[in-house]
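Remember, it's 1-based here, ligands and their atoms both numbered in the order they're listed.
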Amino acid sequence: MRTGLSEDLIARVLGAAPKYTISELEEKFPPRNLPDGAMVTRFAPSPTGYMHLGGLYQALIDSHLAAQSGGVFMLRIEDTDTKREVADAVKLIVDSLYKFGIGYNSDEKYGPYYQSQRRDIYHSVAAELLRDGRAYPCFLTADDLEQIRSQQSAAGFATGVYGEFARDRDITAEDIVRHLDNGEVPTIRLYSTGDPVRRIFCKDAVRGSIGFPENNEDIVLIKSNDGLPTYHFAHLCDDHFMRTTHVIRGEEWLPSLPLHTQLFRMMGWQPPMYIHTSTIDKIDEETGKQRKLSKRKDPESNVAFFLRDGWPTDAVLDYLGNIAASGYEEAKLKGMVKSFAEYEMKLKKIPMSGALFDMKKLEWWAKEYISAMTVSDLVKSVVTWANEYGDEKQKMQVANQDYLTAVLAIERDNPRRIRKDFITWKQTLGIEEFFFDELFVPNTEYKYNADVLRAFLENFDIADDKDTWWNKIVEIAQKFGVKNGDVAMDLRVALSGRTNTPDLYSIMQVMGGPRVIERIKALL
Ligand code: GLU
């Protein structure tokens with residue numbers, strides 16, 4: 001430790017006197033009054049204007065663990081990187097969570113939940129560290145840092161501000177005043193007492209205890225340009241005072257674990273339980289190898305993709321849930337649980353590597369999910385999607401909800417034989433385009449049997465029940481010496497333009513007599 005700074009100097013270094021003492025903060029944000037084993041988790045995205053599928057995966061795990069343990073799940077906006085901020089980026093995060101049905105707790109007591117509004121807290125903790133010499137103001141400029149870095153690289157040393165390279169580590173009060181009088185604004189750096197020759201053991205709930213060399217870098221706690229904290233310092237202050245019990249974050253943070261453990265120990269605070277999740281991978285189409293989902297190459301790495309294309313959000317969550325808790329699929333198939341919300345997740349089973357996200361598998365989840373929906377829920381989902389994301393055609397398709405309901409109800413009345421061809425709301429409307437005169441494209445390639453079509457029209461009555469209707473088809477087949485299926489195929493293609501459709505009788509019933517007659521006549 002070094003000698004601490006006087007209160008006057010602390011106020012000058014931080015730009016203002018700190019608002020709280022540590023014990024005032026402890027009192028302001030007391031330990032939560034929750035049952036044993038309740039987990040307090042948070043999703044802590046940086047508002048970059050893009051939400052990665054991996055973020056949704058973490059938010060799902062966070063909210064699920066909190067809910068199943070009777071705990072609390074929070075959303076914390078990590079907006080301390082003013083250089084990277086994008087307009088509307090927070091809205092995108094909030095909207096995405098809302099659309100995926102992931103709710104969070106915003107109890108004011110532990111807020112605010114925007115880091116940019118928590119400056120007083122960070123400055124108060126930083127003041128405490130400056131007071132007793134565990135942190136110091138550093139006046140190294142960007143040029144100085146660049147010079148240090150090239151010197152270190154040339155000599156084959158690790159880069160960074162540490163040991164003898166940390167010029168201001170033992171800066172005197174006089175020198176601080178001199179710099180301040182000069183108009184310079186310092187960063188606040190940790191006075192690290194770590195030594196990489198020693199090892200620090202850190203805990204990850206799934207990976208177990210991991211030994212790392214101790215951190216000796218005097219990392220930045222408070223930045224000079226905007227007075228905001230770095231991720232490391234914000235994590236320390238926020239997860240302590242928000243009383244987070246479990247930090248679930250990407251494995252890219254694993255190398256920072258020794259530093260974070262060091263910071264918590266230095267404060268005498270209990271570190272949260274960490275879980276570093278695997279990246280979400282896919283099998284590369286070209287190489288056949290497993291690799292990370294790439295923001296550039298894979299549209300499905302972006303959460304917005306699933307919303308835009310109308311994937312059932314619950315099916316996406318089901319699949320992500322099954323990646324996080326691999327027993328879920330079986331439990332659901334066996335009918336032991338109805339949804340992921342009911343499935344008890346085990347921390348230890350969260351995969352530490354190779355979490356594969358395969359669009360084909362997602363299609364399976366989506367088909368299963370949609371096939372279990374009631375018609376009215378299905379209609380509601382399709383309408384909501386089309387009105388927000390659809391084009392003119394799709395909006396037209398949902399304008400008449402009675403007709404749409406009849407269309408979507410086809411082959412959904414027999415619980416043992418519900419059609420499973422719907423995957424997304426967009427694709428569902430695509431499949432059903434032929435029901436709409438404005439979108440129907442007659443099939444002019446197909447070789448119709450005109451005699452068959454004519455004979456059908458002669459005797460057609462929309463009021464026929466299914467047996468009567470079928471008997472007429474059988475009669476026509478006999479009359480012209482063709483198979484029953486051939487007659488049905490002529491009619492199917494005439495009405496839908498396709499050779500493959502759901503039940504033909506239902507299609508005619510939904511289309512209605514005049515439309516059936518008109519389409520066949522138009523062909524003849
Ligand atoms: N803002 C950090 C990120 O976007 C949060 C990491 C964490 O959950 O602590 O990766």
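- Among all non-hydrogen protein atoms, the one lying nearest atom 10 (O) of ligand 1 is Trp253 NE1, 3.1 Å.
- The only option from Asp239, Asp62, Asp238 that meets the side chain to side chain donor-acceptor pair (under 3.5 Å) definition with Arg42 turns out to be Asp239.
- Close contacts between ligand 1 and Glu78 involve ligand atoms 1 (N), 2 (C), 5 (C) [criterion: under 4.0 Å to a heavy atom].
- Test Trp253, Tyr122, Tyr274, Phe241 against His235 for ring pair (Phe, Tyr, Trp, His ring centres under 6.0 Å) and you get one pass: Tyr274.
- With respect to atom 9 (O) of ligand 1, the closest heavy atom belonging to the protein is Tyr231 OH, 2.5 Å.
- The shortest N or O to N or O distance between Arg76 and ligand 1 is not below 3.5 Å.
- Remark: aromatic rings of Tyr328 and Trp365 are close, center separation under 6.0 Å.
- Judged by distance alone, the side chains of Asp358 and Tyr319 never bring a donor and an acceptor atom under 3.5 Å apart.
- Taking the six-membered ring where the residue is Trp, Tyr389 and Trp385 present parallel rings, their angle staying beneath 30° rather than reaching 60°.
- An N or O contact shorter than 3.5 Å links Ala44 to ligand 1 by distance.
- Against a heavy-atom cut-off of under 4.0 Å, Arg249 is close to the following atoms of ligand 1: 7 (C), 8 (O), 9 (O).
- The single protein non-hydrogen atom nearest to atom 4 (O) of ligand 1 is Ser46 OG, 3.5 Å, given as residue, atom name and distance.
- Relative orientation of the His240 and Phe264 rings is perpendicular, given thresholds of 30° and 60° on the angle between their planes.
- In this structure, Phe43 has no heavy atom closer than 4.0 Å to ligand 1.
- Figure legend: Arg32 and Tyr110 shown as a cation-pi pair, the cationic atom lying under 6.0 angstrom from the six-membered ring centre and within 45 degrees of its axis.
- The part of Arg42 lying near ligand 1 is the side chain, judged by heavy-atom distances below 4.0 Å.
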